[in-house]
Every structure is written in C-alpha cells, then in structure tokens.
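Read the structure below first, then the notes.
All figures in this text were calculated on a predicted structure; none of them were measured in a lab. In this chain, numbering begins with 1 at the start of the sequence shown. Indexing begins at 1, ligand by ligand and atom by atom, following the structure's order.
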Amino acid sequence: MERLDKILSGTGRWSRKEVKELVRAGRVTVNGAVARSPEEKYDREGLDLRVDGEAVSGEKYLCLMLHKPAGYVSATDDPRQTTVLELLPPHLRRVGLFPAGRLDKDTEGLLLLTNDGALAHDLLSPRKHVDKTYFVRVDGVLDESDTAAFEAGMTLGDGLECLPAGLERLERPDEGLVTLREGKYHQIKRMLAARGKPVVYLKRLTMGPLTLDEGLAPGEWRPLTAEERAALDAVRRK
Ligand code: URA
C-alpha cells in the first residue's frame with residue numbers, strides 16, 4: 001500500500017505539492033470515487049487512477065526520455081560537472097533516477113532516465129541486442145571503405161574489438177548514421193578516429209524501440225508513453 005501523493009508524483013507529471021492541489025480541487029478519482037486525501041494509501045495493483053478523468057498509470061518505476069544537451073555528464077552526481085539530473089525539477093531528483101547507459105559530455109540526444117535497475121540492466125545487456133543509432137558528423141569525408149570497416153567489426157589500435165556496426169552515409173559527405181549494438185567508452189569517436197575522421201558532432205537518435213521525440217528541445221524531457229513502456233517490456237521478454 002502506498003500513499004496517493006507518492007503514486008501520483010512518482011509518475012513525474014506533478015510534484016507532491018501539485019498533487020495536493022489536484023486532490024483538493026477534486027480532480028483526482030481512485031477506483032471511481034473522488035479522492036479525499038493525498039495521504040490515503042492504495043494498492044497499485046489494479047488501481048483505477050484518474051486525473052480530470054484521464055487514466056494515469058500507477059507504475060512503480062519511472063522512465064523519462066531526455067533530450068540530452070551537450071555540456072552535461074551522464075551521472076547522478078559529480079563534484080565538479082553538471083549532471084543530466086540537474087535538468088530535472090527538484091521533485092524528480094529525489095526519486096532515484098539514473099541514466100540507463102551513458103552519453104559523453106559533448107554528445108547530445110536520447111537518454112533514458114529510470115529508477116528501475118532491472119530494466120536498465122536488461123537494456124544494457126549485450127544479450128538483449130538493443131541497437132542504438134547515432135547521427136554523426138566528422139572532420140573528413142565518409143566513404144565505402146568506412147562502411148565496410150564498420151561492418152567487418154573493427155579492432156582498434158589499443159586492442160579494443162568492436163562488434164560489426166552499421167555506417168550509413170548521408171547526403172552530406174561528412175555526415176552519417178551509425179548503428180551500434182554495444183556501448184564501449186567513446187566507441188564511435190574511437191572507431192572514426194581510427195579511420196582518420198574524427199567526430200565533430202554526435203547525437204543519439206534511437207535506443208532499441210525508443211526514438212528521440214523531435215518535440216523535445218535539448219534539455220527537455222517527458223515521461224515515456226504507455227506504448228513506449230510496452231515496447232521496452234517486449235525487449236526485456238526477448
Ligand atoms: N560513442 C561515443 O563515442 N560517444 C558517445 O557518447 C556514444 C557513443
């Protein structure tokens with residue numbers, strides 16, 4: 001059994017203070033009846049929770065899609081640098097969210113924030129084959145030989161062995177789409193540096209079934225939709 005304000009604020013849509021106001025205004029119903037108190041406790045299982053008549057999922061864990069801007073580190077705390085968690089409002093910094101997978105400080109794009117450790121573990125497990133795609137711009141010109149090298153699986157100068165990866169060239173000769181099935185440290189930068197074409201811009205566009213929402217400006221975030229969560233659950237069952 002958990003408090004109504006905990007369940008509702010845990011969705012990431014309202015702070016506890018906002019939940020209190022919603023309940024006071026009679027805008028929240030639980031199992032068909034107007035909720036009387038934000039402190040009342042309920043079982044999440046089978047809960048019919050609504051705000052202004054719209055069903056709200058009482059999921060235990062939170063999953064947010066963040067459009068990570070450059071300049072933020074993919075960590076929960078850091079003594080010197082600004083973390084991606086600092087892009088969230090205060091009430092969401094206290095619910096145990098962490099980034100599921102890392103992007104470099106200067107990399108932009110799709111970052112999943114969750115407090116579901118088992119979900120993060122599954123998405124990052126090589127056994128689940130969660131592909132990630134990145135838009136990349138290099139200092140140089142991408143050609144057939146780069147695509148072939150990526151497809152063959154590169155071994156870098158420092159001995160790092162990379163799984164076969166995709167490199168689709170785009171209209172501009174210095175731009176491409178890279179698909180990775182793993183996420184080793186600075187992997188794309190290292191692979192392209194090894195090809196003599198250093199990365200000048202990198203942005204993650206997809207992660208498994210999730211695609212960066214074009215409506216999110218850098219620094220903006222939103223909770224995953226029910227469809228996106230279902231798609232992640234399907235990956236986990238694989
Ligand atoms: N590869 C990189 O080099 N950096 C990232 O942030 C992600 C993939």
ask   = Side chains of Tyr201 and Glu108: is there a donor and an acceptor less than 3.5 Å apart?
value = yes

note = Taking only non-hydrogen atoms of His186 and a 4.0 Å limit, the atoms of ligand 1 in range are 2 (C), 3 (O)

ask   = What part of Leu202 sits under 4.0 Å from ligand 1 if we count only heavy atoms: the side chain, the backbone, both or neither?
value = side chain

query = Can a donor-acceptor pair be found between the side chains of Ser145 and Arg195 at a distance below 3.5 Å?
reply = yes

task = Within a distance under 4.0 Å of any heavy atom of Tyr134, pick out the atoms of ligand 1 and give their elements.
result = 7 (C), 8 (C)

key: Shortest protein heavy-atom distance from atom 4 (N) of ligand 1, along with the residue and atom involved   = Asp104 OD2, 2.7 Å

query = So is Leu180 polar-close to ligand 1, meaning N/O to N/O under 3.5 Å?
reply = no

ask   = So, His67 and Asp213: side-chain donor and acceptor under 3.5 Å apart, yes or no?
value = no

ask   = Pro99 pairs by side-chain contact (heavy atoms from CB on, under 4.5 Å) with which of Leu112, Thr114, Thr76, Val73?
value = Thr76

query = Quick check: does Lys189 get an N/O under 3.5 Å from an N/O on ligand 1?
reply = yes

query = Which ligand 1 atoms does Thr107 reach within 4.0 Å, using its non-hydrogen atoms?
reply = 4 (N), 5 (C), 6 (O)

ask   = Given Thr179 and Thr133, is the side-chain hydrogen bond (donor to acceptor under 3.5 Å, both in side chains) satisfied, shown in steps?
value = CA-CA 4 Å; Thr179 305; Thr133 53; 5.5 Å; no

remark   = From the list Asp174, Asp146, Asp139, side-chain hydrogen bond (donor to acceptor under 3.5 Å, both in side chains) with Lys197 holds only for Asp146

request  = List the closest protein heavy-atom neighbour of atom 1 (N) of ligand 1: residue, atom name, distance to the nearest 0.1 Å.
outcome  = Ile188 N, 3.1 Å

